[in-house]
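Okay, so here's the structure we're looking at.
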2 protein chains.
Amino acid sequence: MKTTQNIQVAVDAIVFGYSKEEGVSVLLIKRKYAPFKGNWAIPGGFVLDDESLEEAVERELLEETGVKINYLEQLYTFGKPNRDPRRRVISVAYFGLVKSKQFEKLKASTDAEEAKWFNIKELPSLAFDHDKILDMAIERIRGKIVYQPIGFELLDKKFPFSDLEHLYATLLDRPVDRRNFKKKVMHLGILDELDEKAKSSGAGRPGNLFQFNKATYDKLIRDGMHFEI
Amino acid sequence: MKTTQNIQVAVDAIVFGYSKEEGVSVLLIKRKYAPFKGNWAIPGGFVLDDESLEEAVERELLEETGVKINYLEQLYTFGKPNRDPRRRVISVAYFGLVKSKQFEKLKASTDAEEAKWFNIKELPSLAFDHDKILDMAIERIRGKIVYQPIGFELLDKKFPFSDLEHLYATLLDRPVDRRNFKKKVMHLGILDELDEKAKSSGAGRPGNLFQFNKATYDKLIRDGMHFEI
DNA sequence: ATATAATTGCGTTTATTTTACGCAATTAAC
DNA sequence: GTTAATTGCGTAAAATAAACGCAATTATAT
């Protein structure tokens with residue numbers, strides 16, 4: 001009742017990073033081997049027989065880019081018969097987030113000739129059907145940030161409030177009223193205001209640092225709270 | 001750089017149906033073969049080398065249950081190494097909807113000894129990790145019905161307004177104010193009110209039939225409309 | 001030192017949306 | 001004809017979101 005299948009299973013990871021200077025960026029690699037040698041692509045690779053999909057993602061990311069992700073969720077599985085010119089490959093795409101601090105250290109290796117962050121407004125065209133995958137990931141992060149607290153996964157553990165505001169404005173690509181935004185976010189009751197001040201990042205009055213309180217968030221969610229920005 | 005993989009790719013389909021009398025139901029099959037012989041399970045099977053994932057879902061569903069689905073979307077991919085006791089299987093789960101009319105005609109065959117609709121409030125425990133998959137599907141349909149017009153895919157093409165109201169109340173498992181609900185839905189401008197009256201389904205005053213206008217919906221969405229119930 | 005520009009912190013007012021609920025009209029069943 | 005069920009249309013109050021004012025704090029330039 002089952003014919004021997006000839007399908008390979010891969011994972012891909014669309015990883016986003018953020019900094020106030022660079023905006024929202026995505027991690028891409030330049031392919032070292034054919035097909036699409038020299039083209040930019042989403043990092044990823046084949047799943048080993050005894051590892052979970054998530055383990056495969058983390059392994060491939062570390063191998064190809066040196067990056068450790070902070071948040072990972074499944075995006076979509078792409079399985080059209082001819083998406084890879086060599087053979088049938090279905091690819092389970094994940095979408096991941098890294099914290100600001102991790103943002104710089106990249107070291108390409110194995111299948112990747114180079115790893116690099118690209119601002120999501122200045123993307124090259126990609127190998128395979130990776131353009132489509134990336135589009136879907138960008139749509140997902142934009143859609144999700146308003147009803148799930150994933151924005152905090154892109155910031156450092158402690159951050160000035162203005163960073164959060166700037167992240168939302170950048171990602172949603174629209175102005176955010178500072179006062180209403182702060183009212184809304186603080187009213188959720190999931191941010192702890194610390195006693196430390198941010199080290200002056202230039203001009204202006206430095207404010208306190210804030211920190212996302214996941215335990216409180218989980219508790220509130222259990223009690224029926226509805227997160228929305 | 002790539003070791004020969006020994007992973008099988010399957011698809012599963014969680015199919016929901018609805019009728020005013022039976023409520024929201026899900027289509028399950030009783031397994032004819034080991035493992036889990038005689039257990040209820042989600043319909044599905046292995047993907048053939050040259051078919052897309054969606055084609056595989058439709059083929060398996062037709063084979064195992066005789067049902068043709070009206071709406072199909074990908075749910076999640078399950079890939080933990082030991083979810084199938086025989087060998088490594090990753091399963092791409094889809095979630096589908098059928099219209100009320102299709103609701104009755106079931107004919108089990110191939111791997112299925114029997115196919116049957118189960119109300120989502122009276123579910124048996126299932127083979128493999130199918131309980132988890134089904135939970136996720138129920139969560140998805142509940143979550144999605146409020147921000148995407150998928151409810152109409154469960155009703156017949158023409159339906160009395162009260163059916164729509166009853167569907168939302170049943171699925172969301174909370175009372176819906178008839179007047180506010182109608183105001184909200186009609187204000188979206190995506191339902192055509194027909195001149196036909198529903199044939200009296202019992203007592204009370206019969207109202208007009210309504211019909212979802214997908215063309216209008218698509219146009220409004222392009223113009224930035226936001227569907228929400 | 002002092003003025004200037006940048007940024008934070010705390011408000012108020014107005015508009016919009018959601019929720020709660022009243023009540024007459026139509027129809028089938030008794 | 002009366003009753004029960006259901007539809008169709010509305011209004012008032014409550015909650016939420018949007019628009020905007022302005023003083024306080026701090027680094028930088030003069």
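Scope of the values below: all heavy atoms of this structure, side chains included, with no hydrogens, waters or symmetry mates. Reminder, nothing fancy here: chain letters follow the sequence lines and each chain counts from 1.
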- Just checking B:Asp177: base, sugar-phosphate only, or nothing, at a heavy-atom cut-off of under 4.0 Å? base
Answer with base, sugar-phosphate or nothing: what part of the nucleic acid does A:Lys183 contact at a heavy-atom distance below 4.0 Å?
base
Please report, rounded to the nearest Å, how far the [atom2] atom of [N] is from the [atom1] atom of [X].
{"X": "A:Arg179", "N": "D:dT16", "atom1": "CZ", "atom2": "P", "answer": "21 Å"}
{"X": "A:Phe181", "N": "C:dT8", "atom1": "CZ", "atom2": "C1'", "answer": "15 Å"}
{"X": "A:Asn180", "N": "C:dT13", "atom1": "CG", "atom2": "P", "answer": "15 Å"}
{"X": "B:Arg178", "N": "C:dC21", "atom1": "CZ", "atom2": "C1'", "answer": "11 Å"}
{"X": "A:Lys184", "N": "D:dA15", "atom1": "NZ", "atom2": "C1'", "answer": "13 Å"}
{"X": "A:Leu164", "N": "C:dT8", "atom1": "CG", "atom2": "C1'", "answer": "15 Å"}
{"X": "A:Asn208", "N": "C:dC10", "atom1": "CG", "atom2": "C1'", "answer": "14 Å"}
{"X": "A:His166", "N": "C:dT7", "atom1": "NE2", "atom2": "C1'", "answer": "14 Å"}

If we only count heavy atoms from C-beta on, is the [X] to [Y] side-chain gap below 4.5 Å?
{"X": "A:Phe16", "Y": "A:Ile138", "answer": "yes"}
{"X": "B:Gln74", "Y": "A:Thr77", "answer": "yes"}
{"X": "B:Leu209", "Y": "B:Pro160", "answer": "yes"}

Taking atom types as they are modelled, would you say the side chain of B:Arg205 forms a donor-acceptor pair with the base of D:dA5 within the 3.5 Å cutoff? no
When you check the phosphate oxygens OP1 and OP2 of C:dT8, does a side-chain N or O of A:Ser162 lie under 4.0 Å from one of them? yes
- Given C:dC10, is OP1 or OP2 found less than 4.0 Å from the side-chain N or O atoms of A:Lys182? no
- Query: Hey, would you say the A:Phe210 and A:Phe161 ring centroids sit under 6.0 Å apart?
  - Reply: yes
